[in-house]
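These notes concern the structure reproduced below.
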Amino acid sequence: MMKLHWSPRSPYVRKVMIAVHEMGLTDRISTVRTIVGGTAPHLELMRINPLGKIPTLELEDGTVIYDSPVIIEYLDTLHTGAKLYPSAWPERLTALRRHALGQGMLDSALPLLAEGFRPAERQSEPHKALWRAKLRASADALEHEAEALGRGRFTVGHLAIGVALAYLDFRFADLAWRDGHPKLAAWHATFNARPSVQANPPVDDR
């Protein structure tokens, strides 16, 4: 059985777990709670992933792969259902671009969250404003694409965007990304209704 280094708090891990459910591979993967972040290196994890990050997936033959886009693309080869990574262009290009946007939203949201944990006098307001501007711009761009998101089959691009928007709901309610984005909000409601998404809700277990 494959082993996934996992935490319920990580949106990148959540992305992988939703994909696992979409692919019907839940019985082939075991999860191992792995706490990373902060200032203390996770030396055991770094022996197999020098970046010390999750998700990290250990295959049955000892091969180790990371991070979430690579793990999902590998898992996509292990099932016979509809693929999250389309093989044909331009559909594949669209899925990859959308994935890059969703991943980039998380890459802006996480440092924004971390900055908020610093003492107020040490927080960088310019950096916080920059990250928030990127998140607002992403929501604006997705509003124009929301109808297209609702057409065609579910891909890794839909997955990344859906998880990123859910993370904003979970951590940054004050961003109110739904305001002025009714089409995107309607699409995200359909994302949240998927059984794979409902089986893997965002969690804060601190």
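In this structure, Arg118 places its CZ atom where more than 12 heavy-atom neighbours from other residues, nucleotides or ligands lie under 6.0 Å away. Taking a 6.0 Å sphere around CD of Glu147, one finds it holds 12 or fewer heavy atoms contributed by other residues, nucleotides or ligands.
Distance alone, capped at 3.5 Å, is enough to place a donor-acceptor pair between the His181 side chain and the Asp179 backbone. Looking only at distances, no side-chain donor or acceptor of Arg92 sits under 3.5 Å from a matching main-chain atom of Ser87. A donor-acceptor distance shorter than 3.5 angstrom exists from the side chain of Arg14 to the backbone of Asn200, with no hydrogens or angles considered. Side-chain atoms of Glu115 come within 3.5 Å of backbone N or O of Ser124 as a donor-acceptor pair. Put simply, the side chain of Asn49 never gets that close to the backbone of Thr56: no donor and acceptor are under 3.5 Å apart. Checked by atom type and distance alone, the side chain of Tyr66 never pairs as donor or acceptor with a backbone atom of Pro50 at under 3.5 Å. Remark: the backbone N or O of Val32 is paired with a side-chain donor or acceptor of Thr34 at under 3.5 angstrom. Side chain of Glu60 to main chain of Met1: a donor-acceptor pair is present (N/O by atom type, distance under 3.5 Å, no hydrogens or angles). Remark: side-chain polar atoms of Arg153 are paired, donor with acceptor, to backbone N or O of Lys83 under 3.5 angstrom.
Aromatic ring orientation, His158 versus Trp187: tilted (interplanar angle from 30° to 60°). Phe170 and Tyr167 have tilted rings, their planes meeting at an angle from 30° to 60° on a 0 to 90° scale. Between His188 and Trp177, the two ring planes are perpendicular [angle over 60°; tilted spans 30° to 60°].
Residues Leu112 and Leu135 have side chains in contact (heavy-atom distance under 4.5 Å, counting atoms from C-beta outward). Side chains of Arg132 and Asp174 form a contact here, defined as non-hydrogen atoms less than 4.5 Å apart. Between Leu57 and Met2 the shortest side-chain heavy-atom distance falls below 4.5 Å. Looking at Val36 and Lys53, their side chains never come closer than 4.5 Å, going by heavy atoms from C-beta outward. In this structure, Tyr74 and Asp76 have side chains that are not in contact, with every pair of non-hydrogen atoms separated by 4.5 Å or more.
Evaluated for a salt bridge (Lys or Arg N to Asp or Glu O under 4.0 Å) with Glu145, the options Arg97, Arg151, Lys183 yield exactly one hit, Arg97.
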Indicate every side-chain donor-acceptor pair of residues 101-111 with a distance under 3.5 Å to a residue at least two apart or in another chain.
residue : atom : partner : partner atom : Å
Gln103  : OE1  : Lys15   : NZ           : 3.0
Asp107  : OD1  : Tyr12   : OH           : 2.5
Ser108  : OG   : Gly104  : O            : 3.3

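The cluster map of Ile, Leu, Val, Met, Phe, Trp and Tyr, joined by side-chain heavy atoms under 4.5 Å apart, puts Ile54 and Leu43 in different clusters.
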I'd like to know whether Asp140 forms a side chain to side chain donor-acceptor pair (under 3.5 Å) with His144, so could you lay out the CA-CA distance, the side-chain angles of the two residues, the decisive distance to 0.1 Å, and finally the verdict. CA-CA 7 Å; Asp140 291 344; His144 293 295; over 6 Å; no
Run Leu165 and Leu184 through side chain to side chain contact (heavy atoms under 4.5 Å, CB included) and show every step you take. CA-CA 10 Å; Leu165 292 172; Leu184 183 58; 3.8 Å; yes
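Partners of Glu125 under the salt bridge (charged side-chain N to carboxylate O under 4.0 Å, His left out) rule, at least two apart in sequence or in another chain, are Lys128.
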